[in-house]
Amino acid sequence: MTSGQKRPYAPDDEVNVCDAHADDADSRETGPAPTGLSARIDTAFEHSAGIDSMPLADVRERQVILRAIAIAYSLTQCTGLIAGLLLAASGLWWAALALALAVLIPDLIARRYARKRGVDLYWQSGAARNETSVRGLILSTLLIMGVGGLLTFNATYGHPLLTWSWHVNFPASAGTAVTMFVGALCGGTIGWFLRRRRYRAKLEASAEQAADTEEHQTTEYR
């Protein structure tokens, strides 16, 4: 690349910026630290997501992990929206409403979590810019037209757009139900224990390797 030419943007540039400012006092959270029950709830959810403690990941890897969680969250919103429209088109409006709330509540919790730490998630993350863009306007319009069209169709013809049944018919046999339940319970339990054992062994090996590397670096420094 010749001098004066600008290097093309790469997604990892933002990760590198986070690395550069990871130890900057101005880049740390400035909001009041949550206390009491709220802090315990936040800690429980952080532990559930696996981000409360990441000793095997460096700064860049932690940023990648957080980005991966954000991408999965965004994909969950999209798939929840599509599933909600499918349920509404089938006439299951209460199920569609419950699914919409299930998708909306995590967004509200995320904004509250950030706001308690002095960050406006909506304005500072670019969500507001996305919603006010041309693509955001088109998607919002299509969503409103889709929901309104489904309501109009149901009210006009007296039945939903999709008339299929969501029922799954199993044979009315107590022995079959018990066999299915016991098989699923035993198989799921055995699989969970095997997976847990394999993952714990991998974590212990990674921790030992990290400890050996740190000890080796300390010895070289001396």
Side-chain angles (χ1 to χ4, degrees), residues 11-12 14-15 17-19 21-84 87 94-128 130-131 181 184-211 213-214:
D12 285 341
E14 297 182 8
V15 177
V17 170
C18 294
D19 293 347
H21 295 281
D23 297 328
D24 187 0
D26 295 334
S27 65
R28 298 172 184 172
E29 59 185 37
T30 57
T35 58
L37 179 61
S38 177
R40 290 195 292 268
I41 294 176
D42 291 343
T43 301
F45 281 113
E46 289 175 357
H47 179 74
S48 176
I51 61 173
D52 58 330
S53 177
M54 295 182 281
L56 303 180
D58 56 25
V59 177
R60 177 188 174 278
E61 291 169 342
R62 294 178 185 180
Q63 292 294 330
V64 172
I65 291 172
L66 295 178
R67 284 174 179 268
I69 294 175
I71 291 174
Y73 166 70
S74 180
L75 180 61
T76 300
Q77 283 188 314
C78 294
T79 54
L81 175 62
I82 295 174
L87 291 173
W94 286 111
L97 180 59
L99 184 59
L101 291 176
V103 173
L104 178 62
I105 289 176
D107 182 67
L108 298 177
I109 293 177
R111 296 189 187 188
R112 172 181 169 272
Y113 180 92
R115 186 172 60 251
K116 290 190 302 183
R117 289 157 176 80
V119 176
D120 192 323
L121 185 61
Y122 181 72
W123 292 104
Q124 294 179 249
S125 66
N130 293 338
E131 290 188 9
F181 176 76
L185 180 62
C186 294
T189 303
I190 294 174
W192 182 84
F193 274 106
L194 292 177
R195 180 173 179 267
R196 178 177 180 272
R197 182 179 180 181
R198 184 173 67 252
Y199 281 18
R200 285 184 64 89
K202 184 176 180 179
L203 287 173
E204 291 174 358
S206 300
E208 291 178 358
Q209 182 179 1
T213 302
E214 183 178 359

(message) Within this structure, what is the CD1-CZ distance for the pair Ile105 and Arg112, rounded to the nearest 0.5 Å?
(response) 13.0 Å
(request) Verify the neighbour count for atom CZ of Phe45: are there more than 12 heavy atoms of other residues, nucleotides or ligands below 6.0 Å? (result) no
Side-chain donor/acceptor pairs under 3.5 Å, residues 189-196, sequence neighbours excluded:
from   : atom 1 : to     : atom 2 : distance (Å)
Thr189 : OG1    : Leu185 : O      : 2.7

(message) To the nearest 0.5 Å, what is the distance between CD on Glu61 and CG on Leu66?
(response) 12.0 Å
(message) Working to the nearest 0.5 angstrom, can you tell me the gap between Ile69 CD1 and Arg67 CZ?
(response) 13.0 Å
(request) Let me know which of Ile82, Leu97, Leu99 forms a side chain to side chain contact (heavy atoms under 4.5 Å, CB included) with Leu87. (result) Leu99
(message) Using every non-hydrogen atom in the two residues, find where Ala96 and Gly84 come nearest and quote the distance to one decimal.
(response) CB-O, 3.4 Å
(request) Look up atom CG in Leu108 and atom CG in Leu121, then write down how far apart they are to the nearest 0.5 Å. (result) 11.0 Å
(message) Let me confirm one number: the CG-SG distance from Leu75 to Cys78, rounded to the nearest 0.5 Å.
(response) 6.5 Å
(request) Working to the nearest 0.5 Å, report the span between OG1 of Thr76 and CG of Asp107. (result) 12.0 Å
